[in-house]
Amino acid sequence: MAENSSAEKKFLEEKVDKALEEAWSKVNIAVESTAKRLEQSTMTLWLAAEAAEYSSALFSLAYGLEDLDPEVRITKGRGLPGLVKDSMDALRRARELRPKSIAEAYTSLRTAAGYLKAAYLDQSKKTAKKPS
């Protein structure tokens, strides 16, 4: 039974590794897209936010963090480039902290996901207001 549990944990950790890499890649694309003010930046933000959320869900499942719900504070009036950069920094911290502190890594991952979601919502509101 313990061997089965160990194999399952290893499997989940490998999935977390892949999900974090995907989130990192998509955040980098979102940073580039928003910095260049490309039209598809709303979509790249959505994809990055979804990748971060997925990573977060897998992370919680892999490490039994269902009861941990870190608060993500978004400063009002924070600009889009700042939110995206801060999300990238939080994701980097999550990856670095993972071997040292699972709870701190998860908190950083939730912060990254929260910032990306806020950036996406902000950008989609701005895009919706533009006249065609």
Side-chain angles (χ1 to χ4, degrees):
M1 184 78 169
E3 186 177 310
N4 209 11
S5 177
S6 177
E8 184 178 305
K9 183 171 174 126
K10 183 176 171 136
F11 173 78
L12 284 172
E13 286 177 343
E14 288 172 359
K15 292 291 184 186
V16 168
D17 289 339
K18 288 179 185 175
L20 287 171
E21 284 303 314
E22 173 123 1
W24 181 252
S25 173
K26 289 184 177 176
V27 166
N28 279 292
I29 293 168
V31 166
E32 193 174 305
S33 179
T34 56
K36 292 180 180 177
R37 300 183 189 270
L38 299 175
E39 283 188 29
Q40 74 269 23
S41 65
T42 303
M43 180 57 74
T44 61
L45 286 168
W46 181 80
L47 291 169
E50 286 297 308
E53 284 291 344
Y54 178 70
S55 298
S56 174
L58 278 177
F59 202 97
S60 176
L61 185 62
Y63 298 108
L65 301 172
E66 294 84 11
D67 294 335
L68 182 61
D69 187 18
E71 183 179 346
V72 177
R73 295 182 186 199
I74 313 279
T75 308
K76 293 282 184 195
R78 185 94 171 114
L80 180 67
L83 276 171
V84 177
K85 183 187 176 308
D86 289 350
S87 69
M88 184 178 208
D89 292 343
L91 188 55
R92 180 182 298 116
R93 274 192 313 278
R95 293 170 66 186
E96 291 169 355
L97 288 169
R98 185 173 167 207
K100 301 171 193 155
S101 171
I102 296 297
E104 286 181 48
Y106 181 66
T107 298
S108 285
L109 186 52
R110 291 301 312 143
T111 299
Y115 288 173
L116 286 165
K117 179 181 175 185
Y120 164 72
L121 291 173
D122 184 56
Q123 182 68 13
S124 61
K125 285 178 192 173
K126 288 178 184 175
T127 304
K129 288 181 183 178
K130 287 184 182 177
S132 300

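It should be emphasised that the depicted structure is a prediction, and the values quoted were computed from it without experimental measurement. The chain is numbered in sequence order, starting from 1.
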Under the 3.5 angstrom rule, does the side chain of Ser101 hit a backbone N or O of Leu97 as a donor-acceptor pair?
-> no
side-chain contact (heavy atoms from CB on, under 4.5 Å) between Tyr115 and Thr111, intermediate numbers included | CA-CA 6 Å; Tyr115 288 173; Thr111 299; 3.6 Å; yes
side-chain contact (heavy atoms from CB on, under 4.5 Å) against Met88, all qualifying residues, sequence neighbours excluded = Trp24, Val27, Asn28, Val31, Arg92
State which residues pass salt bridge (Lys or Arg N to Asp or Glu O under 4.0 Å) with Arg95; sequence neighbours excluded, sorted by chain then number.
-> Glu21
Is Ser33 reaching over with its side chain to a backbone N or O of Ala30, donor-acceptor style, under 3.5 angstrom?
-> no
Please confirm whether the backbone N or O of Leu121 pairs with a side-chain atom of Ser124, one donor and one acceptor, at under 3.5 Å?
-> yes
Under 3.5 Å, side chain of Thr107 to main-chain N/O of Ala103, donor-acceptor pair present?
-> yes
Nearest 0.5 Å, what's the CD-CG distance between Glu22 and Asp17?
-> 13.0 Å
side-chain contact (heavy atoms from CB on, under 4.5 Å) filter on Ala113, not counting sequence neighbours, yields Ala52, Glu53, Arg110
Measuring from Leu61:CG to Glu13:CD, what's the distance to the nearest 0.5 Å?
-> 11.5 Å
Short N-O contact, Asp89 and Lys85, less than 4.0 angstrom | yes
Quick one: CG on Leu65 to CG on Leu109, what's the gap to the nearest 0.5 Å?
-> 10.0 Å
Do Leu68 and Leu58 belong together in a cluster built from hydrophobic side chains that touch within less than 4.5 Å?
-> yes
Pairwise distance CE(Met43) to CG(Leu45) - rounded to 0.5 angstrom = 10.5 Å
Heavy atoms, side chains only, cut-off 4.5 Å: are Ile102 and Phe59 in contact?
-> yes
Between the CD atom in Gln123 and the CG atom in Leu116, the distance rounded to the nearest 0.5 Å is 12.5 Å
